[in-house]
Number of protein chains: 2
Amino acid sequence: MTKRSVTMSDVARQLGISRSAVSFALNNEAQVSRETRERVIAKAAELGYRPNAGARALAGQKTDLFGLVTDIVSTPFAGDLIAGAQEWFWGHGKSLLIAGTATPERPDARSIEMMLEHRVGGIMIATTWNRAIDVPAALENVPVVLVHCFDALGERPSIIPDEEQGGREAAQMLLARGRRRIAMINLPEDLVAAQGRRLGFEKALVAAGMAIDPASIVTSGPEPDSAYDVARALLAAGDIDGVFCANDRIAMGTYDAARDLGLRIPEDLSIVGFDNQETIAKYLRPALSTVALPFREMGRRGAELLTRASEDIDRKKIVISCPPIARNSV
Amino acid sequence: MTKRSVTMSDVARQLGISRSAVSFALNNEAQVSRETRERVIAKAAELGYRPNAGARALAGQKTDLFGLVTDIVSTPFAGDLIAGAQEWFWGHGKSLLIAGTATPERPDARSIEMMLEHRVGGIMIATTWNRAIDVPAALENVPVVLVHCFDALGERPSIIPDEEQGGREAAQMLLARGRRRIAMINLPEDLVAAQGRRLGFEKALVAAGMAIDPASIVTSGPEPDSAYDVARALLAAGDIDGVFCANDRIAMGTYDAARDLGLRIPEDLSIVGFDNQETIAKYLRPALSTVALPFREMGRRGAELLTRASEDIDRKKIVISCPPIARNSV
DNA sequence: GTGAAAGCGCTAACAA
DNA sequence: TTGTTAGCGCTTTCAC
């Protein structure tokens, strides 16, 4: 705690009015004269009065704190997510309590406990990769919104990216460039992201009047080294002129494979990634065209839902579209 | 706020004892009988009693909230920093309020204001890159600790990485590999990091009995594309067998330059980076040997200093060493 | 339009 | 050892 801080009573006393008058004035309630209000505001500023959020919450039986529990904090996406959430919260006079955790579905019990003790108005749970999670039981009667994940039972509102639309965008970038012998290096098929991205990809090809050759859709682990082997085999075998990599790290491995095979990007081979993981996509040579995961927007919408949650708790899934980011690899 | 929650009075009433007895029992104060304490704890658990952090802070004139203001949230380092800070805070019953901001030296005034209104016990300011900052005036009488940055006036305690020792480690990795024609691609010389890393690098060479050829230390922008040009010129000109890149992104550009020049890593050329930016260092082929910025440790120490700050505010600079991370590029 | 007064949930003297 | 009693700083009826 800072030294003895200026309280509302101090302001009231110096002005010779009651505490409630000060409270009303500061909170813009109707029942104060314009003049009183101005005097109060001036005096408060002069004294360096700063409301005590805890006391206010106690008395008013309401809170301005919201919690964010996430594993995403250790990824470059965190910035966008948090920025999006803060954008909304701050715009509405709320504060954000953050707990980083290795696994959001089993967060350190203490992080949840701490938020609950602070009587947060709601909790946002966000994950690094799109998946189903079990909401911790302790959160039973607290508004919760899931971001980039969803609960298996569909009982909680959830904000997820439109993987399918993203996959479509990726394919369209390749098609627009005139590529016709297009392959996809997908993530393991059990991932939600893999399923959606592939579906979109296939739909776009079909819509363009092309047939889907099952052999042109291969699977890789999420990391570049695994992708390198898969990509190398794929590129060496067929004559492919465009490949959609289900994430940017796979694209990174594919770059290396292409180079080792003497293929120039984008002259001989166009590549599109997914995720828009900036430290990779921007720095690859040539810079990688990709599809972004809309973390900022998801964070903002999540925050919005949470502050509204008290009114009407919807339990819908909100789908946010993934914007294509054109760089130089197509 | 959750529904009407269980209060201390509820517990006391059901047990037929006073509120203070409950308070003492729950807070492990001496003045309760063992038996009463146990009954209280059992009843509290049964009722699902959860202390109200705000009320407790109000009554006890102390807070368990601490703030973190940082721009680092948008980088992969954030995870380590926050994990380190939380590790300490949670271990000591404190909570962390986080504000992401584009520029920590001029944080959104509201983020600071919000923390102050919550009467945080102290604020940690952390930056993405090591530099001097001006601590916002509003923080005048609040304990502050600077992490990965420092204030020009030296009035605030600050935790910084040992850039010089890190530079030395980098050079030593190269020397240990038997490299003798070693160059350094440095960051712009006005950066604290650039100065320290270079100093360490030079000292290591001198200690190894080598002369410093000024021409072998060149400067690059922090990004791969700028580094590519610099590295290409450097490698094309001299016959160099080892290069220390002042950050991992520079190393990334250097990889490309080396490859385009037909140089194999590490056979023909050993490369060492700095920062241990995982999405880059781990994924490069071959994986990049580098020196890590100890964000986790810095976060932990910062938190520690902050919770102790009330007792004795030291205004020293604490220097944390940067551990070398050996991978396959040397 | 303004003030008095009753809490919000908890801690910490002080008495018993 | 236990209970009584003030507050902590603020909001919010309810009279005036």
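Computed from a predicted structure; not experimentally measured. To find a chain, count down the sequence lines: A is the first, B the second, and so on, and within it residues start at 1. Side-chain atoms are counted along with the backbone in the values below, which use heavy atoms only and exclude waters and symmetry mates.
Side-chain atoms of A:S20 and base atoms of C:dA4 include a donor and an acceptor less than 3.5 Å apart.
In this model, the phosphate group of C:dC8 is not approached by any side-chain N or O of B:N52 to a distance below 4.0 Å at OP1 or OP2. Listed pair A:S23 / D:dT12 fails the phosphate criterion, with no side-chain N or O lying under 4.0 Å from OP1 or OP2. For A:S33, a side-chain nitrogen or oxygen approaches OP1 or OP2 of C:dT2 to under 4.0 Å. In this model, the phosphate group of C:dA4 is not approached by any side-chain N or O of A:S18 to a distance below 4.0 Å at OP1 or OP2. The side chain of B:R56 contributes an N or O atom lying less than 4.0 Å from OP1 or OP2 of C:dT11.
One can place CG of B:L26 at 12 Å from C1' of C:dT11, the figure rounded to the nearest angstrom. With rounding to whole Å, B:F24 atom CZ is found 12 Å from D:dT5 atom C1'. Computed from coordinates, the A:D10 CG to D:dG9 P distance equals 8 Å when rounded to whole Å. Between the CG atom of B:L58 and the P atom of D:dG7 there is a distance of 15 Å, given to the nearest Å. Remark: P of D:dT12 and CE of A:M8 are 10 Å apart, rounded to the nearest angstrom. Atom-to-atom, NZ of A:K62 to P of D:dT11 comes out at 8 Å; the value is rounded to the nearest Å. To the nearest angstrom, C1' of C:dC8 lies 15 Å from CG of A:D64. C:dT2 atom P lies 19 Å from atom CZ of A:R13, rounded to whole Å.
There is no side-chain donor-acceptor pair under 3.5 Å between A:S23 and A:S20. Judged purely by distance below 3.5 Å, without hydrogens or angles, the side chains of A:T307 and A:W88 pair a donor atom with an acceptor atom. No side-chain N or O of B:N52 forms a donor-acceptor pair with one of A:H118 less than 3.5 Å apart.
In the set D:dG9, D:dG3, C:dT2, D:dG3 carries the atom at the smallest distance from any side-chain atom of B:I17.
The residues A:E46 and A:K43 are annotated as salt-bridged, a charged nitrogen and a carboxylate oxygen being separated by less than 4.0 angstrom. Note on B:E304 versus B:R301: salt bridge recorded, some NZ/NE/NH1/NH2 to OD/OE distance being below 4.0 Å.
In this structure, B:T127 contributes its side chain and B:H148 its backbone to a donor-acceptor pair below 3.5 Å.
At a non-hydrogen distance threshold of 4.0 Å, nothing from residues 34-48 of chain A comes into contact with DNA chain D.
The stretch residues 47-67 of chain A participates, sequence neighbours left out, in these ring pair (Phe, Tyr, Trp, His ring centres under 6.0 Å) pairs: A:F66-A:F89.
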